[in-house]
There are 2 protein chains.
Amino acid sequence: MSPASTLPLGMHVLLDLHGVSGAMLTDCPLIEQLLLDAAAAAGARVLGSRFHPFGPELGITGVLLLAESHISIHTWPEHGYAAVDVFMCGDARPMAAIALIRDRLGAVRSSVRKCPRGTGDAADSNV
Amino acid sequence: MSPASTLPLGMHVLLDLHGVSGAMLTDCPLIEQLLLDAAAAAGARVLGSRFHPFGPELGITGVLLLAESHISIHTWPEHGYAAVDVFMCGDARPMAAIALIRDRLGAVRSSVRKCPRGTGDAADSNV
């Protein structure tokens, strides 16, 4: 979002976490603090946040809006699953946020997809 | 986020838009209404929203938190570029949101990546 931006303009990282304890995935204050800590680890600046617990023993959905883009999380405790995405531009370090979230949630299994954004080409499938 | 969820648990769609007018990409009320209309088109329920304009002639960053996950947008008017992502679970229709956003912004070129989330496997690169 800076006139001096270089390509790609941002890095969007999708993190899938499996085998996470349901107790963590239903704890809204814990999840919000986790994302705040992840933003700090990445060197990002938080502009706002919104978290919503669906109810006792149910999932959480939440997002941090950042000056460098966003971090979101959506949890399915009944599946031990959390979907995270970290989108950052500028000097922020998305993989530092990813590492912190993965480590803290203690996933049995995880996968990461790195998606460069604003590359100036259209190499992806056009529809 | 329902106990009766089927796999994949959600669909995460990344939309890259190039050649969009800078006037649209700097208009925060327009961009917020665009995302609200996209959520409605998808049949999603908005839980909260947060939008931030970086200043006159500068980009916008914003997100809608949905009961079905989220929609975000980050704009670089100096590049005529917007990065959108639409993550939805349940019965919501992410591609309806994608189509509305793409059509309204009148991009010269666009690309879409569909990323199933919570598929139960780890087909993606593990790091």
Side-chain angles (χ1 to χ4, degrees), chain A residues 1-5 7 9-10 12 14-16 18 47-52 54 57-70 72 74-79 81-85 87 89 95 98-99 102 109-115 117-127, chain B residues 1-5 7 9-10 12 14-16 18 47-52 54 57-70 72 74-79 81-85 87 89 95 98-99 102 109-115 117-127:
Chain A
M1 284 162 263
S2 152
S5 303
L7 301 181
L9 296 173
H12 201 164
L14 312 187
L15 171 65
D16 292 270
H18 299 268
L47 297 173
S49 67
R50 186 76 165 77
F51 286 79
H52 178 84
F54 286 96
E57 302 186 27
L58 296 178
I60 292 162
T61 191
V63 65
L64 294 185
L65 192 68
L66 307 174
E68 297 80 5
S69 294
H70 73 265
S72 81
H74 310 291
T75 77
W76 281 258
E78 70 276 20
H79 291 283
Y81 172 72
V84 174
D85 75 316
F87 186 168
C89 59
M95 295 310 294
I98 291 285
R102 185 171 52 187
R109 187 162 52 79
S110 66
S111 68
V112 173
R113 281 172 272 197
K114 295 182 185 177
C115 304
R117 305 295 302 268
T119 56
D121 62 38
D124 306 304
S125 58
N126 286 276
V127 297
Chain B
M1 285 162 261
S2 150
S5 303
L7 301 180
L9 296 172
H12 201 164
L14 312 188
L15 171 64
D16 292 270
H18 298 269
L47 298 173
S49 68
R50 187 76 166 76
F51 287 79
H52 178 84
F54 285 95
E57 302 186 27
L58 296 178
I60 292 162
T61 190
V63 65
L64 295 185
L65 192 68
L66 307 174
E68 297 81 5
S69 294
H70 73 266
S72 82
H74 310 292
T75 77
W76 282 259
E78 71 276 20
H79 292 282
Y81 172 73
V84 175
D85 75 317
F87 185 169
C89 59
M95 294 311 294
I98 291 286
R102 184 171 52 187
R109 187 161 52 79
S110 65
S111 67
V112 173
R113 281 173 272 196
K114 295 182 184 176
C115 304
R117 305 294 304 267
T119 57
D121 61 40
D124 306 304
S125 59
N126 287 277
V127 297

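Values below: all heavy atoms of this structure, side chains included; hydrogens, waters and symmetry mates excluded.
From A:Leu66, atom CG reaches atom NE2 of B:His52 across 11.0 Å, with rounding to the nearest 0.5 Å. Note that CZ of A:Arg113 is 11.0 Å distant from CZ of B:Arg113, once rounded to the nearest 0.5 Å.
Ranked by heavy-atom pairs under 4.5 Å with chain A, the list B:Pro77, B:Cys115, B:Ala99 is led by B:Cys115. Note on B:Ser72, B:Ser49, B:Gly10: by heavy-atom pairs under 4.5 Å with chain A, the leading option is B:Ser72.
Nearest heavy-atom pair across A:Cys89 and B:Trp76 is CB-CZ2, 3.8 Å. In this structure, B:Ala67 and A:Phe54 approach most closely via the heavy-atom pair O-CZ, 3.4 Å. Taking all atoms of both residues into account, the shortest heavy-atom contact from A:Leu9 to B:Tyr81 is CD1-CD2, 3.4 Å. For the residue pair B:Asp85 and A:Arg117, the shortest heavy atom distance occurs at CB-NH1, 4.5 Å.
When side chains are defined from C-beta on, B:His70 does not count as touching A:Val63, because their heavy atoms never get closer than 4.5 Å.
In terms of modelled atom types and a separation under 3.5 Å, the side chain of A:Arg50 and the main chain of B:Leu47 share a donor-acceptor contact.
At a 4.5 Å heavy-atom cutoff, the contact between A:Leu65 and chain B is made by side-chain atoms alone. Only the backbone of A:Leu15 has a heavy atom closer than 4.5 Å to any heavy atom of chain B.
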